[in-house]
Amino acid sequence: MISKRIKEMIPSVTLAQSEKIAFLKKQGINVIGFNIGEPDFNTPENIIKKAEEAFHLGYTKYTPASGSMELREEVCKKFKKDYNLDYTVKDVIVSSGAKQSLTNVLMAIVNPGEEVIVPTPCWISYIEMIKLTGGIPVLVEMDEESGFDLNVEKIAAHINEKTKAVLINSPNNPTGAVYKKEDIEKLGNLAVKNNFYIISDEIYEKLVYDGKVNCCTAAISPEIKEKTITINGVSKSYAMTGWRIGFAVGPTEVIKAMSDYQGHTTTSPNSPAQYASIEALSNSEEFVQAMRKEFVKRRNYIVERLNAMDGISCFMPKGAFYVMPNIKYFYGKKYEDFIINNPMDMCDYLLEESKIAVVTGAAFLAPDNIRISYSNSMENIKEGMDRMEEALKKLK
Ligand SMILES: Cc1ncc(COP(=O)(O)O)c(C=O)c1O
């Protein structure tokens, strides 16, 4: 009795993994979680205080479908301040997480049979979201040798009259790649010339390292801005994943269509969380800087440790909080009952043998990699890397 569209959905590969982890934890086993997709920091206290204030001030009712006027104004200010971009509240929609903004935009622009190009490795939800609209995901593999940088030539080879959008994500989950301005610009110019949209998921925008900053696609030129829907939110930048506030900015008619869809499916996003998100956007710079500094330390340490392990190669990611070591060297190697033939085998082995949880690259269309999140304490990262090194040495 289940619908065809849901039956055709590929269930999350990580779900089975999460069950195994939960099972071990329940037995009291100390599993170190490198599978985590959210900052391990607490939401800053000033934001929490604002949420409390919201309840007492009566921000407990529906807001307009596309979000409260005050938060949308703050989002406009953010884009002006960060990228010198001019948007009005009509060009902004606030959603229940960036994920809902992504679903909204795909529902708003993609007709059945139209194609959406996605560079891979990618966040797997994109593919299922595109399929739910009746659209066709066109997956284009980026190169590990270049740190999974945006390869516009490869994408260009897939553009045709059915192309409705290209969905990019920089800083990237799972690769940590931060796309170069010149590459995004090339893609933007193709969008203008061939009349398709760019959906630019910039949810990790504040987590860019080594003195670099996020390149906001829409800020490259007014023509590219007209073709771009930017997805963002408070989840990753302000450690607010559970508050479920994301937003999108873009051409007024696209945002209006997203809002019409959201109005019927959700009514409006969480009201007190919207109130608190104004504080996040306007008064959290110190927190962001401290978090970024800590992530840099962890990234540098983890990449050094991984590259010192025999058989592991790991490029230095420039953003987000993930590393993607290649584990191909271990294919065919064994220890006791374990044989490694793919990243899932490696995940199972590391979980059973060293009690560390990492995610299979297959979950992100990275067939020879595992994803390690360094959203964990330095102490746990050190202990986890020691355990991993020991376990890998046993594989012969
Ligand atoms: C690339 C990417 N985009 C969007 C999201 C969703 O963000 P939110 O929690 O605000 O829905 C995630 C969350 O993991 C993500 O990794």
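Residue numbers start at 1 and run along the sequence shown. Any value given below was found using the heavy atoms of this structure, including those in side chains, with hydrogens, waters and symmetry copies removed. Remember, it's 1-based here, ligands and their atoms both numbered in the order they're listed.
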Please list the nearest protein heavy atom to [atom] with its residue and the distance rounded to 0.1 Å.
| atom | answer |
| --- | --- |
| atom 15 (C) of ligand 1 | Trp123 CE2, 3.6 Å |
| atom 10 (O) of ligand 1 | Ser235 OG, 2.6 Å |
| atom 7 (O) of ligand 1 | Ala98 CB, 3.6 Å |
| atom 9 (O) of ligand 1 | Arg244 NH1, 2.8 Å |

Original post:
Is it the side chain (CB and beyond), the backbone, both or neither of Lys236 that lies under 4.0 Å from ligand 1, heavy atoms counted?
Top reply: side chain
**OP:** Determine, stepwise, if the pair Tyr238 / Ile47 fulfils side chain to side chain contact (heavy atoms under 4.5 Å, CB included).
**Re:** CA-CA 9 Å; Tyr238 309 104; Ile47 300 173; 4.2 Å; yes
Original post:
If you measure from atom 3 (N) of ligand 1 to every heavy atom of Ile231, Ile245, Asp201, Leu102, which option wins on shortest distance?
Top reply: Asp201
**OP:** Nearest heavy atom to atom 16 (O) of ligand 1 wins, so pick from Asn232, Asn173, Val234.
**Re:** Asn173
Original post:
Using a distance-only test with no angle check, is there a side-chain donor-acceptor pair under 3.5 angstrom linking Thr252 and Asp91?
Top reply: yes
By number and element, which atoms of ligand 1 are closer than 4.0 Å to a non-hydrogen atom of [X]?
| X | value |
| --- | --- |
| Tyr126 | 1 (C) |
| Asn169 | 1 (C) |
| Tyr204 | 1 (C), 14 (O), 15 (C), 16 (O) |
| Gly97 | 10 (O), 11 (O) |

[X] side chain vs [Y] backbone, donor-acceptor pair below 3.5 Å:
| X | Y | value |
| --- | --- | --- |
| Thr266 | Ser268 | no |
| Asp143 | Glu145 | no |
| Asp345 | Asn341 | yes |

**OP:** Take the angle between the ring planes of Tyr209 and Tyr374 and call it parallel below 30°, perpendicular above 60°, tilted in between.
**Re:** tilted
Subject >> Parallel, tilted or perpendicular: ring planes of Tyr83 versus Phe79, cut at 30 and 60 degrees >> reply: tilted
**OP:** Taking the six-membered ring for Trp and the full ring for Phe, Tyr or His, determine whether the centres of Phe148 and Phe315 are under 6.0 Å apart.
**Re:** yes
Subject >> Nitrogen or oxygen atoms of Gln100 and ligand 1 under 3.5 Å apart >> reply: no
